[in-house]
Amino acid sequence: MSSLRPTRTRRRTVTAWVAAGVGCAALAACGSAPAPRPGHVTTPSKVSQVLASTHKTQTSTETRRLIDLVTVPAGASPLTTAPEMLRGPAMGAQMSASLVDTSRLWRVPMTMGQSATWLAAHAPRGLTATGSGNSTTGSVVTSMGWSYADDRRSTAWQNAMLDIGIAPDGVNGSVWRADGIALWMDPTPATAPVGGRRLAVTVAGGCPGSDRGAINVTRGPATSLLPAGSPTAGLICSYNGLNGAASALRSQARLGTAQAGRLARSATAIDLAHTDGGVTSCPMDDGSVTVIALIYADGRDASLWANETGCRSVSNGTIDADDYSSVFNFVTAAAALLPR
């Protein structure tokens with residue numbers, strides 16, 4: 001199955017690991033990050049509640065659409081009870097409160113091998129094959145499974161997949177199980193972990209020489225990453241992780257009004273919707289961080305904490321955002337403003 005969107009709590013602690021034959025670089029780390037998220041910052045507004053309900057409904061509709069793409073052979077008959085080998089999606093599913101899993105079962109008058117051949121010739125249209133596998137008892141194959149991804153983007157769901165599993169049923173029959181799977185997107189911003197040392201960074205105060213022991217910046221708004229309006233100036237402070245001089249200030253840049261405004265617009269474009277709960281594996285993470293401070297015409301200060309590596313994320317100390325594409329764009333835009 002394709003990689004799922006990260007859902008995790010934010011930590012500065014970096015633990016080395018090795019998995020699936022991929023090693024972590026010296027003095028760097030990667031690993032799995034725990035969830036669930038610690039809850040919502042505020043009680044969802046009525047607008048958020050309506051939007052959440054809409055997302056759930058749209059996600060359910062998507063999972064049913066995926067199942068309708070399955071072409072079963074003539075003579076297939078619906079079943080209500082799954083055999084032991086098909087108690088769940090054939091290729092697995094992420095444990096998440098956001099998971100929507102719609103399933104359907106058939107008994108098919110074909111052997112498991114014949115069913116596999118049929119499926120290969122009648123693959124679901126419009127989807128991308130992403131994997132296959134089988135289960136065995138000794139040398140006997142007891143089930144086979146295939147997964148297909150819906151590559152369309154949606155604001156309502158992510159990681160939409162169709163799983164098809166086949167298990168034998170007697171000498172001349174087999175059971176098919178199809179699962180339409182997707183994660184619905186919660187529109188209420190996710191809260192940042194509470195507690196821990198906060199790094200106070202302002203445009204006037206400049207970059208602290210180290211971020212050692214800090215896990216985030218001082219608290220910002222609860223419903224958006226930045227205050228309303230356009231900043232008049234900015235400051236970027238980039239810190240080492242465990243590589244190099246650990247936690248030391250690596251680079252810094254002061255921003256004029258135009259640069260600060262463009263970077264703020266990139267931050268406000270970050271998608272705050274997220275999935276709830278689950279565990280994900282993160283790429284290599286050396287703990288490096290970039291802090292962006294902004295100042296507004298009325299004297300308000302704002303700051304953002306961006307994890308540069310691993311499961312990239314951006315936080316204002318109160319809420320977190322980890323939508324990969326928009327966070328990547330923001331981190332890349334900030335890095336481009338630092339001296340080379």
Side-chain angles (χ1 to χ4, degrees), residues 1-5 20-21 55-96 98-154 156-185 275 278 280-281:
M1 183 175 289
S2 61
S3 299
L4 296 178
R5 184 177 180 210
H55 283 184
K56 291 179 183 179
T57 298
Q58 291 175 339
T59 304
S60 295
T61 300
E62 163 68 359
T63 61
R64 292 192 298 271
R65 186 192 75 85
L66 291 172
I67 290 180
D68 288 339
L69 296 176
V70 179
T71 302
V72 294
S77 56
L79 292 177
T80 56
T81 304
E84 185 62 35
M85 294 308 299
L86 296 177
R87 291 295 185 187
M91 301 296 287
Q94 185 183 27
M95 295 180 62
S96 170
S98 294
L99 178 67
V100 176
D101 179 1
T102 303
S103 63
R104 195 174 299 168
L105 294 158
W106 301 269
R107 188 188 186 281
V108 174
M110 290 180 174
T111 66
M112 188 166 60
Q114 290 170 335
S115 289
T117 300
W118 170 275
L119 182 59
H122 300 81
R125 293 184 177 182
L127 304 181
T128 301
T130 56
S132 63
N134 59 63
S135 299
T136 60
T137 300
S139 60
V140 178
V141 177
T142 53
S143 68
M144 305 173 73
W146 296 262
S147 61
Y148 308 85
D150 181 355
D151 296 325
R152 299 179 306 157
R153 293 186 61 83
S154 171
W157 72 80
Q158 69 170 22
N159 299 110
M161 306 287 296
L162 172 64
D163 274 14
I164 300 176
I166 299 173
D169 184 39
V171 177
N172 298 313
S174 60
V175 173
W176 288 30
R177 174 176 176 141
D179 287 82
I181 301 167
L183 301 175
W184 71 274
M185 302 301 292
T275 57
T280 188
S281 292

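Computed from a predicted model, the values in this text were never measured in an experiment. We use all heavy atoms of the structure for the numbers below, so side chains are in, but hydrogens, waters and symmetry mates are not.
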Pairwise side-chain contact, P73 with W176, heavy-atom cut-off 4.5 Å (strictly under): yes

Shortest non-hydrogen contact from A90 toward G165: CB-CA, 3.5 Å

Pairwise distance CG(L69) to NE2(H122) - rounded to 0.5 angstrom: 14.5 Å

Closest contact, heavy atoms only, L162 versus G180: CD1-N, 4.5 Å

Partners meeting side chain to side chain donor-acceptor pair (under 3.5 Å) with S103 (sequence neighbours left out): none

Side chain to side chain contact (heavy atoms under 4.5 Å, CB included) partners for T102, two or more places apart: T63, R64, I67, V100

Considering all heavy atoms, the nearest E84-R87 contact: O-CG, 3.1 Å

Validation row: K56, S98 side chains within 4.5 angstrom (heavy atoms): no

Euclidean distance, T275 OG1 relative to W157 CH2, rounded to 0.5 Å: 15.5 Å

Side-chain heavy-atom pair L99, I181 within 4.5 angstrom cut-off: yes

W146 and I166: CA distance, side-chain angles, deciding distance, side-chain contact (heavy atoms from CB on, under 4.5 Å) verdict: CA-CA 9 Å; W146 296 262; I166 299 173; 3.6 Å; yes

V140 backbone acceptor or donor facing T137 side chain under 3.5 Å: no

Side chain S174, main chain M110, donor-acceptor under 3.5 Å: yes

Spatial distance of atom CG (D101) from atom CE (M161) [nearest 0.5 Å]: 12.0 Å

Flag side-chain contact, heavy atom, 4.5 Å: L66 against Y148: no

Reported CG-to-CH2 distance for the pair L79 and W106, which is rounded to 0.5 angstrom: 10.0 Å

Reported CG-to-CE distance for the pair D179 and M91, which is rounded to 0.5 angstrom: 12.0 Å

Any donor-acceptor N/O pair, T142 side chain to S135 backbone, under 3.5 Å: yes

Atom of M85, atom of A167 and distance for their closest heavy-atom approach: CB-CB, 4.3 Å

pair V70-R104: side-chain heavy atoms closer than 4.5 Å: no

Audit row: N159, Q94, side-chain contact (heavy atoms from CB on, under 4.5 Å) steps and yes/no: CA-CA 10 Å; N159 299 110; Q94 185 183 27; 5.6 Å; no

Point-to-point distance, once rounded to the nearest 0.5 Å, from CG of L183 to CD of Q158: 5.5 Å

Pairwise side-chain contact, D150 with E62, heavy-atom cut-off 4.5 Å (strictly under): yes

Donor on one side chain, acceptor on other, T130 and S147, under 3.5 Å: yes

Heavy-atom closest contact (M144 atom, A116 atom, distance): CE-CB, 4.1 Å

Side-chain donor/acceptor of W184 to backbone N/O of Q58, under 3.5 Å: no

Heavy atoms of other groups near R153 CZ, more than 12 under 6.0 Å: no

